[in-house]
Amino acid sequence: MPSVASDFVAPFAGVRQVTGTLPVLVILLRPDSPSDSPYLPPGTPQIQNLTQAQIDALSRDRLRKQIFGPRKSVSTYFNEISYGAFNIEEAMVTPWLVARDDPATAVDESSHAFIHTSDIYKKGAWIIRQVEAMTTFRFSRYDRNNDGRVTEDELGVIWIYPGVYGGIGRETDPALVKVPSLSKGVQLNMLARAGDQSSWALMAHELAHQIFRLGDLYVDKAGYPGVGALSLMCDQGDGTHLDPWGKMKLGWLKPTVINEDGWYALSDVETWPQALILHDPKRGARDYFIVENRWPGQSHEDFLTMRGLAIWRVSERDTSGNWARKTIDLVWAGGPPPSQQLTPGQCPSRDDALFDGDSVATGYAPTPYSSPGRLVWGDGTPSGIAIWHISRASNNARLYVDVPPMQGPSMVGPAVAMTGSTRALDAHEPPYFFQPGRRSDDIVGMGIASDNHVYAWYRDGMVSSGTAADLGRYRAPYPYSIPGGRTPKDILAVDIASDDHVYAWYRDGTVSAGTTRDLGAYRPPASFTLAPGRVALDIVGIGIAQDDRVYAWYRDGMVSSGTSRDLDAYRAVYPFSLPLGRVPDNIIDVGIDTNDRVHSWLKANGTGAPIIVTAYATPGGLAPGKRTTLTIKAADSQGRPLENVAVVVGASAGAFATATRLITGEDGLAEFTWLAPPSVPSSYDGRVLIEIRATRHDLSDGRGLVDVPILSGSP
Ligand SMILES: [Zn+2]
C-alpha cells in the first residue's frame with residue numbers, strides 16, 4: 001500500500017507540531033562583579049563615558065532587537081522558517097538583573113563563580129526564581145491552560161549572561177521550579193541560555209532545543225560528521241534554515257511522498273513549504289530520504305553560497321539519548337567533510353553538500369551505487385532509490401525520481417519485455433530471447449492467444465510462438481500471409497482476441513481479421529479510426545484485453561481504448577508511463593494476456609552501454625509563439641554526466657532558435673531554445689512532441705521525449 005504524508009509527519013522523540021504565537025521571556029542576569037558588565041559592540045558612541053545604567057539600557061535594547069526586532073532577528077527567522085506558522089512575541093525582556101547573595105545559603109549567589117561555574121542544573125532553577133523576586137513579571141499570566149504550571153508550550157524562557165561564548169540548554173534541578181504566582185511552578189524541558197555576545201542565530205538554536213525539543217546535529221566525539229551549514233541544529237552562527245525533517249515534524253513543511261517514478265518539481269524551501277519523501281514501502285516509514293531545494297535568495301540564509309538539492313537520510317528507530325544524530329544524516333554530494341573539519345562541537349564548513357546539475361562534481365545522479373554520495377540506508381543496505389536527473393540549481397528545480405523497484409540501467413539498452421497495466425508499462429522483466437539470427441528490429445507485431453502463447457510476426461514473413469521471454473519456445477518460425485498485396489513492413493500492430501481471431505492493423509489505416517498464418521482469413525482489411533489528432537503512424541502498439549476491448553498506445557505517450565475499427569470508442573486518450581530512458585517509439589508491440597496483464601516489448605537501442613537521456617522544458621507549457629528552454633542531460637547508467645554526446649532534437653511543430661544538434665559539455669548538459677508554433681496545433685491534443693536522440697560512437701543511443709502543451713487564451 002502506498003505511504004501517505006501522515007506516516008512521516010507523525011511526532012518523533014517528542015518533536016511534534018508547534019504552531020501559533022509563543023510569548024518568550026528573556027532574563028538578563030549577571031553577577032555582581034565589575035568584570036561582568038554587559039557587552040556593547042565596538043563603535044557604540046562615547047562608550048567610555050557611559051554610566052552603568054546607560055550601558056545596561058543600551059545592552060537591553062540591543063538584545064531585545066536581536067530577539068524580537070526587525071529582520072534579521074530570532075523572531076523574523078522563526079516566522080520565515082515556519083512559513084508564518086510559528087511566531088514569538090515578547091513576554092518581557094527584564095532589565096539587567098544583578099545577582100544578590102542569599103544569606104541563607106552557603107554559597108555567594110552574586111559571585112562570578114556562582115553565575116559562571118556552579119551546578120548548572122540547580123542554578124537554572126535559581127535563575128527562574130529570581131524573575132518574580134526581582135521584577136514585576138508573573139509567570140501565572142502565561143499559564144494558558146490554568147493547571148498551575150507554566151511549560152515551554154506556554155512560554156519560552158532564555159537566560160542571557162555576560163559572556164563571549166555560545167549557549168547551552170540544560171534541564172533545571174528541580175524540574176518543577178516553585179514560584180510565588182503559580183500553585184505548582186515553572187516546568188521547562190530545559191532552560192535556554194546564551195552569552196550576550198552570541199548571535200541571534202545561536203539564541204534561535206538554544207530556543208529550538210527548548211521550544212521545539214530538537215537535538216544537536218554538529219560533530220560529536222562518536223564520529224557523527226554533522227550536517228554542515230544546512231541546519232540551525234548544526235550551524236548556530238549564521239542563521240541558516242532548519243533541516244526539512246525538523247520543519248516537517250513541527251508541522252510547517254508539507255512533504256510530498258513519492259510513490260511513482262517520474263518528474264517532480266521542487267521550489268526553494270526558503271520560500272515554499274515543500275520537500276519530497278523517498279522511501280521503500282517494503283521497509284516501512286521509519287527509513288526515508290527527504291529531498292529539499294536550497295536556494296538562499298533573499299532569505300535569512302542569504303549568506304550561503306551553496307545552491308541545489310539537499311538529500312537527507314532519516315532513520316527513525318531510536319529515541320534514546322543522542323537521538324537526533326542517530327536519526328538525521330546528510331548525504332554529502334561532494335563527499336563527507338575532511339577530517340580536519342571533524343572537531344567535536346564544530347559544524348563542518350564543506351560547501352559542496354548540495355546536488356547541482358551544473359557542477360561536474362555534484363551533478364551526478366545519486367543512486368545506491370553512486371559516489372561519493374550514495375542512497376543507502378543507515379545500515380548500509382542499498383535503498384533501491386535513485387534520482388536520475390539533477391537539474392541545474394534553480395529556485396524551481398526539476399528532478400527525475402526512481403523509487404523501488406529501481407530501474408536497472410540494463411533497462412535502457414537491450415531489448416526487454418515488461419509487464420504492467422495499460423497505464424504503467426514499466427515493471428521490468430528480463431531481456432527476452434529470439435530465434436537465432438533474429439533481433440528486436442525484425443519484429444513487426446506481437447500478440448497473446450487464449451492459451452497465453454505469445455506470437456511474434458517478423459519482417460521476413462515468418463511467425464513464431466513461445467513465451468514473453470522466449471519467443472520461439474513452442475513453435476519455430478513458419479510463414480504467414482497478408483491480405484491485399486501488403487507486406488510485413490505495412491503492419492503497425494497485431495493482437496489476438498478472446499476467440500483467437502488475429503487482428504492486424506496496417507499503416508494505410510486498415511485492419512483485418514484472420515489466423516496467425518493468414519491475417520486476412522476472416523475479414524479483409526477495412527478502415528479504422530483512432531483518437532483525434534493522431535494518424536495511423538502514431539500507433540506504437542495495440543493489445544486486446546479479455547473483454548475484447550482494444551487498447552492503442554501512441555507515440556505521444558497516450559493510450560486509448562475502443563474497438564478494432566474505432567480505437568477510442570470506449571475511452572479517450574490518457575497517459576501511460578515507460579521506464580526512464582525509454583520512449584513510446586521503442587515499443588515493438590503490446591499484448592494482453594488472459595489475466596489482463598499487459599506485456600510490452602521494447603526494442604534495443606544498440607549493443608553497447610546505453611546513454612541515459614533525461615530532458616525537460618522550462619516553462620513546461622506556453623502560449624503560441626513563446627520560447628522555452630529545453631534542457632537535456634546525457635548520463636551513463638550510473639547517472640554520471642557524459643560529455644561529447646551529440647544530441648539531436650526534432651519537434652512536431654514550432655521551430656528551434658538554436659541548432660538542432662548540440663554537443664554536451666562536461667556537465668552532460670545540452671540546452672536548446674525552441675519557439676512554439678503561432679497557434680495551438682491540432683495534433684496530440686494541442687501538445688508539441690520534442691523527440692531527442694543522443695549518440696556517441698562508443699555507446700548505444702539514448703532516446704528522450706518531451707511534450708510541451710501549447711496553451712490557448714491569454715497567458
Ligand atoms: Zn545545541
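Keep in mind that this is a model prediction, so the values were computed, not measured. Side chains are part of it too, since the values below use all heavy atoms of this structure and drop only hydrogens, waters and symmetry mates.
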Looking at [X] and [Y], would you say the former's side chain and the latter's main chain have a donor-acceptor pair under 3.5 Å?
| X | Y | result |
| --- | --- | --- |
| Arg294 | Leu230 | yes |
| Lys247 | Leu253 | no |
| Glu152 | Arg213 | no |
| Asp196 | Gly163 | yes |
| Glu154 | Arg144 | yes |
| Ser359 | Thr362 | yes |
| Gln341 | Ser349 | yes |
| Asp220 | Gly223 | yes |
| Gln210 | Gly169 | no |
| Lys249 | Ala10 | yes |

Q.
Does Ser37 form a side-chain hydrogen bond (donor to acceptor under 3.5 Å, both in side chains) with Gln52? I'd like the steps, not just the answer.
A. CA-CA 8 Å; Ser37 183; Gln52 189 61 53; 3.3 Å; yes
Q: Run through Trp263, Tyr400, Phe355 and flag the one making a ring pair (Phe, Tyr, Trp, His ring centres under 6.0 Å) with His389.
A: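 Exactly one candidate clears the test, Trp263.
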Q.
Going by ring pair (Phe, Tyr, Trp, His ring centres under 6.0 Å), Trp252 matches just one of Trp272, Phe212, Trp245. Which one?
A.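 That would be Phe212.
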Q | Qualifying side chain to side chain donor-acceptor pair (under 3.5 Å) pairs, either residue in residues 98-111, two or more places apart | A |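 Found Thr105-Glu109, Asp108-Ser110.
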Q: Kindly confirm or rule out a cation-pi arrangement of Arg193 over Trp159, judged by NZ or CZ under 6.0 Å from the six-membered ring centre and within 45° of its axis?
A: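 Arg193 over Trp159 ring: no.
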(Q) When you measure from the centre of the six-membered ring of Phe12, is the NZ or CZ of Arg317 closer than 6.0 Å and no more than 45° off the axis? (A)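 Geometry flag: not set, cation outside 6.0 Å or 45°.
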Q. Would Trp200 and Phe68 count as a close aromatic pair, with their ring centres under 6.0 Å?
A.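 No - the distance between ring centres of Trp200 and Phe68 does not fall below the 6.0 Å cut-off.
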(Q) Checking His209 against Asp216: is there a side-chain donor and acceptor pair closer than 3.5 Å? (A)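 Yes.
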Q: Identify whether the distance between the nearest side-chain nitrogen and carboxylate oxygen of Asp36 and Arg30 falls below 4.0 Å.
A: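 No salt bridge links Asp36 with Arg30.
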